[in-house]
Amino acid sequence: MKNVVLGAASTFAVIANLTATSAYAADEASSAESAAADAEASETITVTGARSNLTAEKERLQKIPGTVSIVDNADVEKGRAANLEDVLAYQPGVFAVATGGNGANLVSIRGSGINTFYGGYARGIRYLYDGASISGPGGTQETFLTPSSVSYTEVLNGSNAFSYGALALGGAINFVTSSGRTAPGLNLGIEGGSYGYRKYQASYGGVTADGATDYYIGASSNERDGYQEHTRNSARDVTLNLAHQFSDRLKVQLIVKYRKEKYFNGGNLTLEQIRNDPRHISPSVYGRKNWSALAIGKIDYTIDDKSRLELSFSANKFDLDNGLEAAWYNDWPSLYLTPQLRYLREGDTIFGLKSDTSIILTQTRLEDGDTYGGSRVNGQKVFTYHGGYSGSRDTSLAISNELHLSDDASITSGLSLVEALRDIRVVETLNPNTTTYPDRVRYDKWYVVPRLGASWKPIPQLQLFTSLGRSIDAPVTWGIGPRNTAQGVYVRSVLPQKGLTVEAGARANTGVFEGSLTLYRTWLHDEIHSIVVTPATATAEAVTDTVNASPTIHQGIEAALTVALWKGDSGDSVNLRQAYTYSDFYFRNDSDLGNNKLPGLPPHSYQAQLEWKSAAGFYAGADLRAISGYYADYTNSLKVPSYAIWGLRAGYERPDGQWKIYVDLKNLGNKHYAAAGSASYDYRGADAAVFWPGDGRSVFAGIAFHL
């Protein structure tokens, strides 16, 4: 083996040889409102303003020529609101499941982040809070990926996140924090249900009498004993959002978030174990304890009638203590520093046509980023190695323009310069490197990323669009190493993956029908894959490797449709909401694997909800989630079975907003199914202990008050 990045075909061949020697046992934001009115009137005005602001954001997003969606947290809270599986339901192109029902989430858009590290660091999607990135060279720690103190969530698939400087394959997910304008007054809520689930939350927000300052503070606590044995988890968080309007031109904002959580993974199971005893505990059980502290400072300055400047700086400090109650441990303390400048200009003319331009410059630098690993003896940590990540950074300078050919047609264009700097090294180790792999990998690569799109409304109810864009995904630091193996501690060079995506589609809203349909195809080079070499055991964590693959194709269909089936004279209605995603991901003539399908994600995913709503505030409905079977390995020898689960939901929301109550029943058929799994090169058709069980039949209920 040479001390270089391996070609994809030879890389997978090496993985094949490694896995062949391993024994796979079966067990193993808005304008200020006047506060001069009385409390009840103030509340009504503020809530109405919040909904109007949400509508305006939806209209802004829908100008983008591609798949985008927006999730109102008020809709999510009509049922259980525990994790990203709940938040991202019914979003086209998005596959989101909670592994074992815990806070660990598998979230993938257009096949991003295949076989990633659930419950630790996510990759392949840029996550933001209020437009400020919480992702960086080490990916995204999952601590803040919850619906706590969130007003609404924007989902921008693929290169449609260009205006956020987000150029990953999966695009971006932007959480917008609740504020004193969107969540005024005192709000109290409690929910609980099966497997010891309980969640308590409280918040208070408002606007000062002069309307210049709005404030919000929210706190929540959640616990869960778990469906699978030994999967207990608990978390506490607090959010502060302060904003002050100094003048018509100048506004400042401070957002502070802190969250601490601890949870356990009951260990991976085989498919046979999931079929027969999904609550079974595996010998590979372990826990994680982590915390995150985020501070975002923003300045919004209106220069003139046409231009505006946004400056922000965020600091994201987090720590992950991995391997609790196991024979091994990993500690990952990190700090992301992200300055960002955004310039927006509207109303210019080019060749007599209206033109809008935006520029964004953002950089995330990893400071104090290290990893420490070793074993645990009698509960005490015994050091083995220390890896360094500090200095790694991601930089993006993006310029985009929307040229309005007419009131109904526009062309969008953009160009971005992207830097991926990675510096990963073995600082100290008691396990000397005996391989030909290096002890350090450092590179600083720049890329030019163009984007071009067009949209046209032939009639007011219909929008047609198409776009062409490039994506760049730099490897996360932990994907490069260090690796702690029997052959020593080393790192492996993994290059950024590059993709070119073309998409075309339509949006329609007739009043009776509202939906979207997008077809896309992505040509990927050096796609980044994480592969299980040896599954976890009672005495050792799973051995994985991260490699660049040979050329691959990601293509599919993203569809969403809401139909008003019936509406009564009194305002009662029956609506059918649906989302369908078709994903066809495969190798493009790999020398070893041919055109095999990529493992880890289902080709078909369908969700539907039939709901009756009354003008008096009552609602009731049924929901369905159906997932097709998919492969668990690269040789396509082991397939994960398909499944369908259904549930019921009912509740009441008092029209004046003073209180609400719900009951949410999930997986009523008590289906035993694998929620997610880790892929290897070749399982040789044999079952392996690499799967997370989904929750069984469960009931949840909640009540909330607004005072």
Identify, with sequence neighbours excluded, every residue that meets salt bridge (charged side-chain N to carboxylate O under 4.0 Å, His left out) alongside [X].
X	answer
Glu325	Arg232
Arg625	none
Lys199	none
Lys257	none

Hydrogens and angles aside, do [X] and [Y] bring a side-chain donor and acceptor to less than 3.5 Å of each other?
X	Y	answer
Gln141	Ser292	yes
Thr635	Asp633	yes
Thr146	Ser148	no

Using the ring centroid of each side chain, check whether [X] and [Y] are separated by less than 6.0 Å.
X	Y	answer
Trp328	Tyr286	yes
Tyr634	His529	yes
Tyr580	Tyr606	no

Taking all atoms of both residues into account, what is the closest heavy-atom pair of [X] and [Y], and its distance?
X	Y	value
Gln91	Ala579	N-CB, 4.3 Å
Leu84	Leu145	CG-O, 3.5 Å
Ala168	Asp473	CB-OD1, 2.9 Å
Val427	Gly388	CG2-N, 3.6 Å
Thr546	Ser530	OG1-OG, 3.5 Å
Leu106	Ala676	CD2-CB, 3.8 Å

Whether [X] side chain and [Y] backbone form a donor-acceptor pair below 3.5 Å:
X	Y	value
Asn276	Glu272	yes
Ser637	Gly685	yes
Asp687	Leu271	yes
Ser135	Gly139	no
His604	Ser628	no

Any salt bridge between [X] and [Y], counting N to O under 4.0 Å?
X	Y	result
Arg288	Glu261	no
Arg198	Glu223	yes
Lys260	Asp237	no
Lys78	Asp72	no
Lys666	Asp695	no

### Message
Less than 6.0 angstrom from the centroid, inside 45 degrees of the normal: does Lys639 satisfy that with respect to the ring of Tyr631?
### Response
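Judged by the rule, Lys639 and Tyr631 form a cation-pi pair.
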My understanding is that only residues two or more places apart in sequence, or in another chain, count here; which of them pass side chain to side chain donor-acceptor pair (under 3.5 Å) with [X]?
X	answer
Asp86	Arg80
Tyr673	none
Ser234	none

### From CA spacing to verdict: side-chain contact (heavy atoms from CB on, under 4.5 Å), Thr371, Trp332
CA-CA 5 Å; Thr371 179; Trp332 291 347; 2.4 Å; yes
Which residues share a side chain to side chain contact (heavy atoms under 4.5 Å, CB included) with [X], sequence neighbours left out:
X	answer
Tyr336	Pro137, Asn316, Phe318, Thr364, Leu366
Lys381	Asp321, Tyr329, Asp331, Arg376
Pro432	none
Val476	Arg123, Trp478

### Query
Going through the distances and angles, do Phe585 and Lys597 end up as a side-chain contact (heavy atoms from CB on, under 4.5 Å)?
CA-CA 6 Å; Phe585 310 147; Lys597 301 293 185 181; over 6 Å; no
### Query
Taking side chain as C-beta onward, heavy atoms only, is Asn233 less than 4.5 Å from Asn222?
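Contact flag for Asn233/Asn222 side chains = yes.
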### Query
Given Thr435 and Gln487, is the side chain to side chain donor-acceptor pair (under 3.5 Å) satisfied, shown in steps?
CA-CA 6 Å; Thr435 73; Gln487 291 76 40; over 6 Å; no
Let me check something: any side-chain donor-acceptor pairs from residues 189-197 under 3.5 Å, sequence neighbours excluded? List them with distances.
| residue | atom | partner | partner atom | Å |
| --- | --- | --- | --- | --- |
| Glu191 | OE1 | Tyr662 | OH | 2.8 |
| Glu191 | OE2 | Tyr197 | OH | 2.5 |
| Ser194 | OG | Val699 | N | 2.8 |
| Ser194 | OG | Val699 | O | 3.4 |
| Tyr195 | OH | Gly696 | O | 3.4 |
| Tyr195 | OH | Arg697 | O | 2.4 |

